[in-house]
Amino acid sequence: MSPVIGYWGRAWLRFKAQRRAYWSLMLFALLFVMSLAAELLSNERPLLVHYQGAYYTPLLRDYPETTFGGDFPTPTDYLDPFIRAQLAQPGNWALFPPNRYGANTINYFAPSPNPAPPSAENWLGTDDRGRDLLARLLYGFRVSVLFGLALTAAGSVLGVLIGGVQGYFGGRIDLAGQRLTEIWMSLPELYLLLIFASIFEPSLTILLIIMTVFGWMGLADYVRAEFLRTRNLEYVTAARALGLSDWRIIRRHVLPNSLTPVLTFMPFRMSAAVLALTSLDFLGLGVAGQYPSLGELLAQGKANLDAWWISLSAFGVLVGMLLLLIFIGEGLRQAFDTRAG
């Protein structure tokens, strides 16, 4: 077994030995996979329809209402009682997802005014616009996790690049980098978000870019310290004496031995990214109008205190997600602790 494989293998065994962190990772992975398949679990369109001897796939293609016995050539509303009755006739059938509502589907046929409490039709109730709360939470979970992953990956790459250059070369490069970092840290991130929100239409891309250019600094300090420590070790000095280029030394020797803070901080950085997106959507500075958002649901719960199911469901999903990420982060931190046996 090579030293690298042995190191990662031992780290995985130490992580797996921590049952809370291991099962948190398994549960988070399961929830994330389910959210990626949200269209198959929660959608107003059937997955497959058999009508008058023919098969249809509404999930992949739009069909006019006239296809199923309607009067108008408009896209079929599969929640319409008439369409439901047509698909329920003998010989016809429709395979619906477990939850028959999408993220933006409005239940126009709800018996109670919106926001409606939990019922057999809407398991967690509806929001103030009549949209199914379970579907909003499922799709909102996916948006939050994907945004957190993208922001964590982009910030980590930028932090490793800047911190690694400062730490490996040191001297004037390190000094200039530290001064520029201090200047950059003094810029008000929230004010810049407000300015860009007034200039451009808010989008996940704009938020990702702005938060990435500010989110690398904390990680860069740890990577810089690891590079400063590692660059003077004997094997790095020997590689430099053998004539290896700086790039090869960094790629093969310094960087692999400096990734511990990057890996251990990833779940915490991801939880911070999810919380930041939720906070911006709650304040109305995010993209809650374009995508399902946990922050928007929290804002709805604040505006509709009598609709307890909105705030309770959104708060429960957000807290559960952050707890899982924190448990995973604690497990990674202990797994990569070199003092552990």
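Quantities reported herein were computed from a predicted structural model and do not represent experimental measurements.
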Q. Between Gly148 and Ala273, which heavy-atom pair has the shortest distance, and what is it?
A. CA-CB, 3.8 Å
Q) Would you say the side chains of Glu121 and Tyr101 form a donor-acceptor pair under 3.5 Å? A) yes
Q.
Which heavy atom of Leu124 sits nearest to which heavy atom of Trp309, and what is that distance?
A. O-CD1, 3.5 Å
Q. Do the non-hydrogen side-chain atoms of Ile83 and Glu65 ever get within less than 4.5 Å of each other?
A. yes
Q. Side chains of Asp281 and Tyr291: does their closest heavy-atom pair fall under 4.5 Å?
A. no
Q: Please report the closest heavy-atom contact between Leu137 and Leu294, naming both atoms and the distance.
A: CD2-CD2, 3.9 Å
Q | Thr67 side chain reached by Thr76 side chain, heavy atoms, under 4.5 Å | A | no
Q: Go through the side-chain N and O atoms of Arg136 and Asn104 and say whether any donor and acceptor fall under 3.5 Å apart.
A: yes
Q. Shared ILVMFWY cluster between Val33 and Leu47, side chains joined below 4.5 angstrom?
A. no
Q: Flag yes if more than 12 heavy atoms outside Arg179 fall under 6.0 Å of its CZ atom; otherwise flag no.
A: yes
Q: Name the orientation class of the two ring planes belonging to Phe28 and Phe32 (parallel below 30°, tilted from 30 to 60°, perpendicular beyond 60°).
A: parallel
Q: Would you mind reporting whether Glu226 and Thr260 have side-chain heavy atoms less than 4.5 Å apart?
A: no
(Q) Would you say CZ of Arg240 has more than 12 non-hydrogen atoms from neighbouring residues, nucleotides or ligands within 6.0 angstrom? (A) yes
Q.
Tell me whether Leu228 shares a hydrophobic cluster with Val262, the cluster being built from Ile, Leu, Val, Met, Phe, Trp, Tyr side chains joined at under 4.5 Å.
A. no
Q: Supply the atom-to-atom distance Ile173 CD1 to Gln166 CD, rounded to the nearest 0.5 angstrom.
A: 9.5 Å
Q.
Consider ring pair (Phe, Tyr, Trp, His ring centres under 6.0 Å). Of Tyr78, Phe68, Trp93, which one does Tyr51 pass it with?
A. Phe68
(Q) I'd like to check Leu133 versus Thr126 (side-chain heavy atoms, cut-off strictly below 4.5 Å). Are they in contact? (A) no
Q | Distance, nearest 0.5 Å, that separates OH of Tyr139 from CG of Leu134 | A | 10.5 Å
Q | Distance in Å, Gln52 CD paired with Leu87 CG, rounded so as to fall on 0.5 Å steps | A | 10.5 Å
Q) Given the rule that I, L, V, M, F, W and Y join up when any side-chain heavy atoms are under 4.5 Å apart, are Leu323 and Leu298 in one cluster? A) yes
Q: Determine whether Val274 and Leu151 make a side-chain contact, defined as any pair of heavy atoms from C-beta on separated by less than 4.5 Å.
A: no
(Q) Could you measure the distance from the CD1 atom of Ile310 to the CG atom of Leu297? Nearest 0.5 Å is fine. (A) 7.5 Å
Q | Point-to-point distance, once rounded to the nearest 0.5 Å, from CG of Leu322 to CZ of Phe268 | A | 11.5 Å
Q: For residues Leu41 and Leu138, report the shortest heavy-atom separation together with the two atoms involved.
A: CB-CD2, 4.2 Å
Q | Heavy-atom pair with the smallest gap, counting every atom of Tyr56 and Leu48 | A | O-CD1, 3.3 Å
Q. Hey, is CZ on Arg129 packed in by over 12 heavy atoms from elsewhere, all under 6.0 Å?
A. no
Q. Got Val236 and Ile249 here, is their nearest side-chain heavy-atom distance under 4.5 Å?
A. yes
Q. Got Thr105 and Asp132 here, is their nearest side-chain heavy-atom distance under 4.5 Å?
A. no
Q.
Is it the case that atom CZ in Arg172 sees more than 12 heavy atoms from other parts of the structure closer than 6.0 Å?
A. no
(Q) I'd like to know if Arg45 pairs up with Asp62 as an ion pair, taking the criterion as any Lys NZ or Arg NE/NH1/NH2 lying under 4.0 Å from an Asp or Glu carboxylate oxygen. (A) yes
Q. What distance do Leu158 atom CG and Met217 atom CE have between them, rounded to the nearest 0.5 Å?
A. 10.0 Å
Q: Find out if a path of hydrophobic residues (ILVMFWY) with successive side-chain heavy-atom gaps under 4.5 Å connects Phe315 to Met321.
A: yes
Q: Inspect the surroundings of CD in Glu182 and state if more than 12 heavy atoms from other residues, nucleotides or ligands are less than 6.0 Å away.
A: yes
Q | Trp308 and its side chain to side chain contact (heavy atoms under 4.5 Å, CB included) partner, picked from Asn304, Leu312, Leu305 | A | Leu312
**Q.** Whether over 12 other heavy atoms sit under 6.0 Å from Met26 CE
**A.** yes
Q. Cluster question for you: counting only ILVMFWY and a side-chain heavy-atom cut-off of under 4.5 Å, with indirect links fine, are Tyr222 and Ile250 together?
A. no
